[in-house]
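Report on the following structure.
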Amino acid sequence: MLDIRLIRAEPEAVRQALSRRGEAAAIDELLALDARRRELITQSEQLKARQNQASEEISRIKREGGDATPIIAEMKDISARVKGLDAECRSVESEMEAMLAKLPNIPHESVPDGLSEECNVPVDQWGEPRTFDFPPRPHWEIAEALDILDFERGARIAGSGFVLYKKGGARLERALINFMLDMHISRHGYVEMYPPFLTRSEVLYGSGKLPKFADDMYHVQLDDLWLNPTAEVPITGIHVDEILPPGSLPLKYVAYCASFRREAGAAGKDTRGLIRLHQFDKVELFQFTEPERSYDALEEMLRHARAVLEALELPYRVLNCCAGDIGQAASKMYDVEVWAPGLERWLEVSSVSNCTDYQARRSNIRFRREAGAKPELVHTLNGSGIALPRTVIAILENGQREDGSVSIPQALRPYMGGMEEIRLEG
RNA sequence: GGAGAGGUGGCUGAGUGGUCGAAAGCGGCGGUUUGCUAAACCGUUGUAGGUGUUAAAGCCUACCCCGGGUUCGAAUCCCGGCCUCUCCGCCA
């Protein structure tokens, strides 16, 4: 959510900034509604002031045993007018709210121009893609031969887009979760959280997913709950409506959480293997910071996501995403992409975003710099640290050997009970 | 799922449909006193919107879980929702 006061003060700047994202924002309509709203409030409040005066008078007259009938009759009329004004004001407000809720965050000046992912700018690369002396296979071939992933049975259970992890595959998934959580807790100073997987509409609204992305999520209608599309949602929800006391920032949280996406618009895209699933595991990094610190925190979180891939010895690159490709709530976003030699392509395993005060305003999350100081909105940042299925792809495809076995990265072996490789079990 | 109780300011806790933004206590902050600490005493103590201003002060309005309603007037009455607690049932 953008600050209406910013739009009021600098409408042209906002219009221009949003047009970088390909967003034709209806600034004029918003401003007209805003003006109307304030006019209605002024009128209504003037009448309310009279009501309050009259109310005291009525009470006094009655106490003194006088006749308050005439003034009550007059107030009846005023009361009706106040109701009318307030009703109109509510409808103007909800219209404004609906428009405002759809506007994305303003991109930072360091965000490159461009409307599609082709315009994302590579800013760094780590590791050398391995050369093979045999044709590298895609992960689904490796995994099905090892009997560690079962797409057919996953579909039998829950439909296409769901996978059954088996044996070494299931263990690899569990090991990765623990490995990542431990790294972020002990080396990067995050506090571990384990949130509910289902969230309420209000929380989704607060993190910017509703109303715009309702079709991309699973909705449990009977209870009006949503399967969260990313742990970012429940973590944002932790501090909704709070004023954080002085000294509490930054708050750094890490959470494992399954994520659920309907992928409604993605039919036919990346349907094979683990690239795009309706349910996937993710370890999520999140920070609540002071406003002036958030861009430093963004760089820090990017380092934390990269550290996972480096520990796993997986080659990756970093992209500074262009204005048209950053998330709705983000003002700046980096993508981290791992190299998948079997697929011969880069796969996004992390998105690290600074959402500035966009989510904080919607979720009403504030802090005080010192005791007695005015509450200010915090800045929120989220980043995958990192998404699991594509990391599994990279481990399988980078670690594959000609005999079909897969070498497990050193750092992960303690989490796999000392296993050094995955082979076909008897 | 069934039956009941309840949600008041940072906390505890009063509150009759009318001078209630709300008693009292605690805590916090400031001050007096004291060699220092403690105690005592005095004062102060939220959030948001509108208006105003160079900025502020000031003024107005709203907020007693949230949203509606009744009424000239709602913390108080009615309806819906959310949450907490107790008992029963079910269950890992």
Side-chain angles (χ1 to χ4, degrees), chain A residues 1-10 30-98 100-101 194-206 210-211 219-226 233-234 236-248 258 357 360-378:
Chain A
M1 179 92 68
L2 298 180
D3 189 349
I4 184 67
R5 284 170 295 194
L6 175 69
I7 298 175
R8 210 185 283 157
E10 301 173 45
L30 260 174
L31 288 176
L33 287 169
D34 179 52
R36 179 70 185 143
R37 171 179 171 268
R38 283 184 292 161
E39 191 186 317
L40 288 165
I41 285 175
T42 307
Q43 284 179 25
S44 162
E45 289 190 345
Q46 275 168 6
L47 291 179
K48 280 176 185 165
R50 275 183 63 190
Q51 270 187 321
N52 287 341
Q53 264 180 337
S55 190
E56 262 177 57
E57 217 170 307
I58 290 169
S59 139
R60 200 199 67 232
I61 292 170
K62 288 202 165 177
R63 245 181 296 122
E64 291 167 359
D67 177 18
T69 327
I71 189 165
I72 287 178
E74 189 199 330
M75 283 305 111
K76 248 186 179 132
D77 176 53
I78 290 190
S79 173
R81 281 166 62 197
V82 166
K83 275 196 179 122
L85 288 169
D86 283 353
E88 191 183 344
C89 190
R90 270 200 300 274
S91 101
V92 167
E93 266 174 359
S94 70
E95 206 177 325
M96 247 175 91
E97 179 93 354
L100 218 43
Y194 184 74
F197 285 16
L198 289 124
T199 50
R200 294 200 217 204
S201 303
E202 290 85 343
V203 176
L204 281 153
Y205 176 85
L210 280 179
H219 187 204
V220 182
Q221 293 192 346
L222 197 57
D223 297 289
D224 190 22
L225 290 169
W226 306 72
V233 173
T236 310
I238 293 174
H239 293 297
V240 163
D241 287 331
E242 285 187 30
I243 299 173
L244 302 164
S248 44
D357 60 8
R361 184 170 294 108
R362 289 168 84 115
S363 298
N364 193 26
I365 304 172
R366 293 170 298 169
F367 76 106
R368 267 188 240 275
R369 287 183 192 275
E370 52 203 79
K374 271 233 169 269
E376 296 171 55
L377 293 169
V378 301

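Each chain gets a letter, A, B and so on, in the order the sequences are listed, and its residues count up from 1.
Rounding to whole angstrom units, CD of residue A:Gln53 and C1' of B:U19 are separated by 13 Å.
Judged by distance alone, with hydrogens and angles left aside, the side-chain atoms of A:Thr42 form a donor-acceptor pair with the main-chain N or O of A:Arg38 at under 3.5 Å.
Considering A:Arg368, A:Arg369, A:Arg366 in turn, A:Arg369 is the only one that fulfils the side-chain hydrogen bond (donor to acceptor under 3.5 Å, both in side chains) rule with A:Glu376.
Contact annotation: A:Arg368 reaches the phosphate of B:U47 (side-chain N/O to OP1 or OP2, under 4.0 Å).
A distance of 12.0 Å separates CD1 in A:Ile365 from CD1 in A:Ile243, rounded to the nearest 0.5 Å.
Side-chain proximity of A:Arg366 to the nucleotides B:A48, B:G50, B:C72 is greatest for B:A48.
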Which is it for A:His219 and A:Asp224 under the side-chain contact (heavy atoms from CB on, under 4.5 Å) test, yes or no, and what are the steps along the way? CA-CA 7 Å; A:His219 187 204; A:Asp224 190 22; 2.7 Å; yes
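Along RNA chain B, the nucleotide closest to A:Pro375 and the one closest to A:Thr42 are compared, and the more 5′ of them pairs with A:Pro375. If A:Lys48 and A:Ile243 are placed on RNA chain B by their nearest nucleotide, the residue sitting closer to the 5' end is A:Ile243.
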Nucleotide by nucleotide, nucleotides 63-68 of chain B touches protein heavy atoms under 4.0 Å in the pattern (B base, S sugar-phosphate only, - none) -----S
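By the 4.5 Å heavy-atom criterion applied to side chains, A:Leu47 and A:Gln43 are not counted as neighbours.
For A:Glu56 and B:G18, a side-chain-to-base donor-acceptor distance below 3.5 Å is absent, hydrogens and geometry of angles not being considered.
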